[in-house]
Amino acid sequence: MRDFRTLREKMVKEQIMKRGVKDERVLKAMVNVPRHLFIQNGIAPEAGYDDSALPVGNGQTISQPYMVGIMTELLKVNSEDKVLEIGTGSGYQTAILAELAKTVITIERIDGLSKRSESILRKLGYKNIIFLIGDGTIGSDKYSPYHKILVTAASPDIPLSLFNQLDEGGRMVIPVGDRWYQRINIIDKVNGAMRIRESIDCVFVPLIGKEGFRG
C-alpha cells in the first residue's frame with residue numbers, strides 16, 4: 001500500500017516550506033488533503049505530489065503545490081471566514097480552503113468539472129462547501145459579501161464585480177496579466193478602495209467570462 005501521507009509530508013517540506021511558506025495552518029491543510037485523488041484518471045497517483053501542475057481535463061489543470069501554498073498563505077484565511085473561490089477546477093484548492101475557512105463558495109464554468117470535484121469533496125466528508133456553476137468573473141451576489149476571494153485563473157484586469165462583493169477589510173488574491181504571463185496580485189479593500197500590491201510571477205489558465213478573457 002502506498003504511503004501517500006509520507007509523500008504529502010515530503011511535498012510540504014521540500015516544495016513549500018523550503019520556498020518560504022510558513023503559515024502552520026496552510027502547511028497542516030496541505031499535509032491533510034490527499035492531492036492524488038484530484039488528478040486526472042490515467043496519471044500515476046504518485047505524480048500528484050510532483051513539483052508541477054497536472055491536467056484534470058477540459059483544458060484545466062491542478063496547480064503546482066507551491067502555487068497553492070503561497071496563494072493560500074497570501075489570502076490569510078481565518079476559521080470564521082466566508083471565502084469565494086473562482087475556478088473550482090480539480091477541487092484540490094477548494095479542499096485546502098475548506099480546511100481553513102468556515103464556508104467556501106466555489107464557482108466553476110464547466111459543468112462536468114464542477115460535478116467531478118463535488119463528488120470527490122463530498123466523499124472526503126467536506127460539508128462547508130457550496131458549489132455553483134456559472135461565470136466566475138461576476139462572482140455571486142447571493143452569498144456576498146465575502147471575507148476573502150481567491151481566483152485560480154489568470155485575469156487581464158481585476159474584475160470589478162468581484163471587488164464589489166468583497167467585504168470591507170477583505171482580501172482578494174488573483175493572477176493578473178496576459179494569457180502567457182501573470183503576477184499574483186493581493187487586493188485589500190480599505191475604506192471601499194483597492195489597495196494593491198504584487199507578489200510572484202506565475203502562469204495560469206485564462207479566466208473566461210464577462211470580466212475576464214473572452215472564450
Side-chain angles (χ1 to χ4, degrees), residues 1-79 81 83 85-106 108 110 112-131 148 150-153 173 175 184 199-205:
M1 183 181 229
R2 300 179 182 97
D3 186 356
F4 288 115
R5 186 172 182 88
T6 296
L7 287 176
R8 290 197 293 279
E9 290 171 348
K10 181 180 179 183
M11 174 191 78
V12 168
K13 182 178 179 181
E14 296 183 358
Q15 299 178 37
I16 299 168
M17 293 175 68
K18 278 188 177 180
R19 294 178 186 172
V21 176
K22 299 175 181 177
D23 189 309
E24 291 292 339
R25 294 182 70 237
V26 173
L27 298 174
K28 181 179 178 181
M30 297 190 76
V31 169
N32 286 342
V33 176
R35 191 171 189 267
H36 64 280
L37 297 181
F38 296 88
I39 65 175
Q40 191 172 23
N41 292 336
I43 298 175
E46 292 86 348
Y49 302 101
D50 289 347
D51 185 21
S52 61
L54 292 168
V56 293
N58 298 99
Q60 306 301 301
T61 59
I62 180 171
S63 295
Q64 174 192 19
Y66 169 68
M67 193 59 64
V68 173
I70 186 64
M71 288 181 72
T72 307
E73 181 175 64
L74 290 171
L75 196 62
K76 295 192 178 299
V77 180
N78 296 315
S79 60
D81 279 348
V83 179
E85 179 193 35
I86 306 302
T88 312
S90 69
Y92 175 67
Q93 175 73 78
T94 318
I96 299 297
L97 294 173
E99 291 272 327
L100 302 171
K102 183 175 183 178
T103 308
V104 177
I105 294 90
T106 183
E108 172 57 54
I110 302 170
L113 268 183
S114 179
K115 285 183 167 56
R116 176 183 182 270
S117 299
E118 182 172 4
S119 176
I120 294 168
L121 290 160
R122 296 300 187 212
K123 287 176 183 175
L124 287 171
Y126 292 101
K127 294 179 169 50
N128 61 335
I129 306 170
I130 297 170
F131 296 86
K148 307 289 164 56
L150 181 66
V151 183
T152 63
V173 173
I184 300 297
S199 181
I200 62 171
D201 298 341
C202 58
V203 179
F204 277 81
V205 297

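Any value given below was found using the heavy atoms of this structure, including those in side chains, with hydrogens, waters and symmetry copies removed. Worth saying up front: this structure is predicted, and the values here are computed from it rather than measured. We number each residue from 1, following the sequence as shown.
Nearest heavy atom pair, residue L121 against residue A95, reads CD2-CB, 3.5 Å. Closest heavy-atom contact between N128 and A101: ND2-O, 3.2 Å. Of all heavy-atom pairs between A47 and L54, the closest is O-CD1, 3.4 Å. A pairwise comparison of heavy atoms in E99 and A29 identifies CB-CB, 3.8 Å as the closest pair. Contact record, R8 with V33: CD-O, 2.9 Å, taken as the closest heavy-atom pair.
With sequence neighbours left out, the salt bridge (charged side-chain N to carboxylate O under 4.0 Å, His left out) criterion links D81 to K148. With sequence neighbours excluded, no residue satisfies salt bridge (charged side-chain N to carboxylate O under 4.0 Å, His left out) with K28.
Annotation: the span from F131 atom CZ to E118 atom CD amounts to 5.0 Å, rounded to 0.5 Å. Remark: I184 CD1 to I70 CD1 distance equals 9.0 Å, nearest 0.5 Å.
Between E9 and K13 there is no salt bridge, since no side-chain nitrogen of the basic residue lies less than 4.0 Å from a carboxylate oxygen of the acidic one.
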(message) The test is side chain to side chain contact (heavy atoms under 4.5 Å, CB included); show your working for R35 and I62 and say whether it passes.
(response) CA-CA 9 Å; R35 191 171 189 267; I62 180 171; 3.6 Å; yes
(request) Mind running side chain to side chain contact (heavy atoms under 4.5 Å, CB included) on T94 and S117 for me, showing each step along the way? (result) CA-CA 9 Å; T94 318; S117 299; 5.9 Å; no
(request) Please step through side chain to side chain contact (heavy atoms under 4.5 Å, CB included) for the pair R5 and N32, ending with a clear verdict. (result) CA-CA 8 Å; R5 186 172 182 88; N32 286 342; 3.8 Å; yes
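Between the Y92 side chain and the S63 main chain, no donor and acceptor come within less than 3.5 Å of each other. The backbone N or O of I39 lies less than 3.5 Å from no partner atom in the side chain of S90, so there is not a single donor-acceptor pair.
For the residue pair Q93/T72, the side-chain donor-acceptor check at 3.5 Å is satisfied.
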